[in-house]
Amino acid sequence: MKKIQDHYFKEARKQGYVARSAFKLEEMDRKFRLLRRGQHVIDLGCAPGSWLQYAAKKVLPEGSLTGVDLKQVKIQFPESVRIFQSDISMLEESILASSRFDLVLSDMAPDTTGIPSVDSQRSYDLNSQALSFAQRHLKPGGTLVLKAFQGEPLNRLKSEIRLCFESLKLFKPKSSRSESVEIFVLGFGLLPQS
Ligand SMILES: C[S@@+](CC[C@H](N)C(=O)[O-])C[C@H]1O[C@@H](n2cnc3c(N)ncnc32)[C@H](O)[C@@H]1O
């Protein structure tokens, strides 16, 4: 296990990523072709910024990139990248105006307690907010990527995603630590919202 951590950690340093998480997004992108030049993408829970670094290489300069996190993102991005330091639940809808995104990414993770039922519920609560955000800000046909914790609330989340997306996939990247309960839930093809 240690070996895998070391590999991704070293590789992140070598490639200039601020965190090894970049490889999770890269794996999902390779498998599902998520990111393309010219897309409009928002990354919820973006600090310290490795997903933004990866996404910037794929969608800019024709596309746009926005990040939101409770914490400050300390690394530098091109001026066109908008980063808001905010709780997603407090994010002023007005600052996004009528923005519509092709892709909503969320790697948001709650503070964990070590009690699986509490942590998976906290993860579910964050994902409910991300799903509601996606329903307001994704273009019809757009894609949502959520990091979830395995456990009972994941079934509820899957049912809710199935109601508003054409299809759903689950993915556990190789770069995700095998002992981690995290799994990614992808909703493809947002259905028109009434
Ligand atoms: C695993 S990190 C994200 C790593 C990021 N994808 C990267 O590659 O650098 C999870 C982030 O979710 C953020 N987060 C948790 N709850 C949040 C909330 N309610 N609103 C905004 N960000 C939140 C945390 O502050 C933390 O930085």
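Note that these values count all heavy atoms, side chains included, but never hydrogens, waters or copies made by symmetry. Just so you know, ligand 1 is whichever comes first in the structure, and atom 1 is the first atom listed for that ligand.
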Shortest protein heavy-atom distance from atom 19 (N) of ligand 1, along with the residue and atom involved | Asp87 OD1, 3.2 Å

Give a yes-or-no answer on whether the side chains of Tyr54 and Gln15 include a donor-acceptor pair shorter than 3.5 Å.
-> no

Is a side-chain donor-acceptor pair under 3.5 Å present for Gln129 with Asp125?
-> no

Can you list the atoms of ligand 1 that are under 4.0 Å from a heavy atom of Leu126?
-> 16 (N), 19 (N)

Are any side-chain N or O atoms of Arg13 and backbone N or O atoms of Ala19, one a donor and one an acceptor, separated by less than 3.5 Å?
-> no

Among Pro48, Ala55, Ser50, closest by heavy atom to atom 8 (O) of ligand 1 is Ser50

Joint cluster assignment, Phe149 & Leu146, ILVMFWY side-chain distance < 4.5 Å | no

Could you see which bit of Lys147 sits under 4.0 Å from ligand 1, with heavy atoms only: side chain, backbone, both or neither?
-> side chain

Closest heavy-atom approach to atom 2 (S) of ligand 1 among Ala22, Ser89, Ala47, Ala109 is made by Ala47

Shortest reach to atom 9 (O) of ligand 1 by a heavy atom, considering only Ala19, Ser21, Gly49 | Gly49

Part of Ser86 within contact of ligand 1 (heavy atoms, under 4.0 Å) | backbone

So, does Asp119 use its side chain to make a donor-acceptor pair with the main chain of Thr113 at under 3.5 Å?
-> yes

Keeping the roles fixed (side chain from Glu27, backbone from Lys174), state whether a donor-acceptor pair exists under 3.5 Å.
-> yes

Are the side chain of Glu182 and the backbone N or O of Ala148 linked by a donor-acceptor pair below 3.5 Å?
-> no

Identify which of Val68, Leu105, Val73, Asp69 has a heavy atom lying nearest to atom 27 (O) of ligand 1.
-> Asp69

Can you label the angle between the Tyr8 ring and the Phe23 ring as parallel, tilted or perpendicular, going by 30° and 60°?
-> tilted

Ligand 1 N/O within reach of Gln129 N/O, cut-off under 3.5 Å | no

Atom 6 (N) of ligand 1 sits nearest the protein heavy atom Asp107 OD2, 2.7 Å

Relative to ligand 1, is Asp43 under 4.0 angstrom through side chain, backbone, both or neither, heavy atoms considered?
-> neither

Provide, to 0.1 Å, the distance between atom 17 (C) of ligand 1 and the closest protein heavy atom, together with that atom's residue and name.
-> Leu70 CD1, 3.5 Å

For atom 20 (N) of ligand 1, the protein heavy atom that lies nearest, with its residue and separation | Ile88 N, 2.9 Å

Polar-atom distance check: Met108 versus ligand 1, any N or O pair below 3.5 Å?
-> no

Side-chain heavy-atom pair Val59, Leu103 within 4.5 angstrom cut-off | no

